[in-house]
There are 2 protein chains.
Amino acid sequence: MASTTKSTITISILLPFLLISLSVTAEPPRHNVVIIFADDLGYGDLGCYGHPTIDTPHLDRMAREGQRWTQFYSAAPVCTPSRAALLTGRLPIRNGMCSLRRHVLYPHSAGGLPQSEITLAEALKDVGYATACVGKWHLGHRSEFLPTKQGFDEYFGLPYSNDMHNRRVPPKEPGGKASHERIGVPLMRGEKTIEQPVDQTTLTKRYTKEALRFIEKNKDRPFFLYLAHTMPHVPLFRSEPFVGRSLRGVYGDVVEEIDNSVGRILDTLRRLDLAGRTLVVFTSDNGPWLICRERGGSAGLLRGGKGSTWEGGMREPAIFWWPGVIKPGTVRQMGSTMDLFTTCVKLCGAKLPKDRTIDGLDLSGVLLGTGPSPRDTMFYYRGTQLCAVRHGPYKMFFFTQPNYRNRRGIKHDPPLLYHLDHDPSERHNVAKKHPEVIDNLRKIAERHKKGIKPVPSQLDLVQKTEPRP
Amino acid sequence: MASTTKSTITISILLPFLLISLSVTAEPPRHNVVIIFADDLGYGDLGCYGHPTIDTPHLDRMAREGQRWTQFYSAAPVCTPSRAALLTGRLPIRNGMCSLRRHVLYPHSAGGLPQSEITLAEALKDVGYATACVGKWHLGHRSEFLPTKQGFDEYFGLPYSNDMHNRRVPPKEPGGKASHERIGVPLMRGEKTIEQPVDQTTLTKRYTKEALRFIEKNKDRPFFLYLAHTMPHVPLFRSEPFVGRSLRGVYGDVVEEIDNSVGRILDTLRRLDLAGRTLVVFTSDNGPWLICRERGGSAGLLRGGKGSTWEGGMREPAIFWWPGVIKPGTVRQMGSTMDLFTTCVKLCGAKLPKDRTIDGLDLSGVLLGTGPSPRDTMFYYRGTQLCAVRHGPYKMFFFTQPNYRNRRGIKHDPPLLYHLDHDPSERHNVAKKHPEVIDNLRKIAERHKKGIKPVPSQLDLVQKTEPRP
């Protein structure tokens, strides 16, 4: 008798999730996807991640209604490779979107995300989704690399970072000096520059307006919105109502404007009755830029920040929201921005590319409450260099970075070993205590390296006479 | 018309608070007070303060239903002075409960909280409260200093820290060597030792049972319960169901057992229909003991830990709960454990001592949502040494501590200056930019020092032939 009741309960709990799974396979896709990506926001910069003076009521509410992940990673500690991985589900080392010489793409770069890569926008467009990229792109600003060539129906935003005012002009004669040309940061719509230099004070507001317009326009069909905020990357800008609002100063104002933007998007989804069929994910591209002092963010209790493979460089705030579908709570399992590719492709009934390695894993079990995260391993790259490997709670370092600008880092042999669950701040090297863990992690790293085929770096391609975007 | 509606709304919002204020003055006291005090718990050690691997669902719920404060301080970075201040509302420098030679009281100490001090228990007992101290005392273990002599009807717990297994025996002859006698840590009921050495594995469980028994027994009269957990002070112990439960390891197990204890207390208050007339406060005596490595906690994004006057040593998690009365939300204003004395005395209709300086301020405006915190200044003492002063967002250091054991610290002249709202991690000294702030903080410190009358240190009193407690 008790057993029957239990089964009935189990069925009634699982039923909504089963129906969702059925709808994925049997019906045309109906779920929308919104990915909101902050720039240089640190692990500790939201109220619900413990910041004492930044007020983020909308993200805190999103976290209460959804899932707040505490071990969610970007695939790289800097912008360009991180974004390439998010949109393709692949480590940047597989498609050339990294380099040991250059952190990211610059205004004089000639490379970009190869056309042969399949972005999440392309995968979802294939099954009938409307797609838009609003915000920072940073995956190639030449015409052939722009969002509109990578599966996005629409694009409104900056082609690269908001501090890239200048373009390096190579020396006119061999042996001569390079110079810098002040170009200002362009704002683009589609493939055209519509404002240069862009007025950054209203940028978050204008991104939000674009995002809301896209949602309204596509309310009756499935859509994928990639809203990649330019902020809180330095230089910091916020619109008038947010000036001086935050206890945390300018950086706080900027984060609070993003929080407000998230609130408006979720409110719009509720109002349009789309909340129950829209997965919204909020996360960041890499850790806080600590060299910017008060103008950079905080990684909370984590060590390091942007540009480093300490946890602070790559572990991000990550909130998943889908009322009625996602099981609310705190998730202390591992996930990666690359997993968003695979998870969304699966949830939306699109096709996972079979002709290439996809590093992303399917997190839908955790989202729906039907199973654990399949992710148990993380590779921490800095450019093309594998610096650290995590398997289970243990993270082993081959290389660490003394500072942001240092390229090769410090080699560790024997490697450093940290137990991240016991010691999230990476304070206590336990390598001597666990030689067997070191052996295992070395094997995992070797096996991984064997699977990597060398490809030319897109970041090292520099154009001598580059047309303006 | 609009204005009338607004007034009506304002009145209906304020009415419950007005009724409470009336009941404070016109009726016998009806509100209960429960203060739950953790030992060495860091600012970053709870889920709702951002810890990635410690699971504290009950404290997180308490925070959601009540107020979570992000700028709440203990009055000292170590145990004995911190507790003396909590119970008296006075800085330890005013009553001798601090010393530059000794952090705290030890088993060979002969001093304790002077009888002339008025504890919160005494103040509330005067107006008819039942009072109990359950847990760690550490304000003097000689008979005349025990809780039962300081206003508590009942006492069940340890007289000092759980790592104080040994008592120092002074040299028998002048010039001889001191030795140590292994005494084990005693568990006391009332004024009697009932178990020595105490079985610490079940301590949190037994404290909880005592607390619940006291609440049940006094459900029909006003009561004050001071539940001062021995944990998570090292050595760490937890009862069987919590062994191996936390991702964070032993330290996490121990914190999660305390979380469970909090959940049981709040559940009991709800079940007995006391929730609406009981103020429950959860906080900690000082920051995490970082020298204990993985066995110590985390101050989150804050710098330093136990024993230091960096924020990590004295800023604590602080959650206030009183359903239907406290305005839920995050509070980013300043508060101190000393303010609990004044706030509770006022809320419970007891008398504030008029013959001495009380450092505690009344926070009831923030709790009830009727006004801001009156606290704008904090004095950071280490022993008898004033190390830093905070006024508004600015904190100025005269002395910092290079490590836990260093007594005098490093003197800074010119002082260091930090903007704590912009820079909660105390990374960027802004002294050069703000000479006017330095001047003002110097004046505040001088004025404060003039108001301090020298008293003998209770911590420096050591008994040659001390009777066992």
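By convention in this document, chain letters (A, B, ...) are assigned in the order of the sequence lines, proteins followed by strands, and residues within each chain are numbered from 1. The structure displayed is predicted, hence computed values, not measured ones.
Take A:P374 and apply the side chain to side chain contact (heavy atoms under 4.5 Å, CB included) test, not counting sequence neighbours, and it matches A:L361, A:L363. Applying the side chain to side chain contact (heavy atoms under 4.5 Å, CB included) criterion to B:P414, with sequence neighbours excluded, gives no partner residue.
Looking at B:V430, the atoms closer than 4.5 Å to chain A (heavy atoms on both sides) all sit in the side chain, from C-beta outward. Using a 4.5 Å cut-off between heavy atoms, B:I54 contacts chain A through its backbone alone, with no side-chain atom that close.
Taking chain B as the reference chain and counting heavy-atom pairs below 4.5 Å, the highest number among A:P52, A:G44, A:G47 is found for A:P52. The choice from B:L302, B:L46, B:L247 that makes the most heavy-atom pairs within less than 4.5 Å of chain A is B:L247.
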Present all donor-acceptor pairs from chain A to chain B with distances below 3.5 Å, rounded to 0.1 Å.
from, atom 1, to, atom 2, distance (Å)
A:P52, O, B:T70, OG1, 2.8
A:P52, O, B:R332, NE, 3.0
A:T53, OG1, B:D421, O, 2.8
A:I54, O, B:R332, NH2, 3.2
A:D55, OD1, B:R332, NH1, 3.0
A:T70, OG1, B:P52, O, 2.8
A:R248, NE, B:H422, O, 3.4
A:R248, NH1, B:H422, O, 3.0
A:R332, NE, B:P52, O, 3.0
A:R332, NH1, B:D55, OD1, 3.0
A:R332, NH2, B:I54, O, 3.2
A:D421, O, B:T53, OG1, 2.8
A:H422, O, B:R248, NE, 3.4
A:H422, O, B:R248, NH1, 3.1

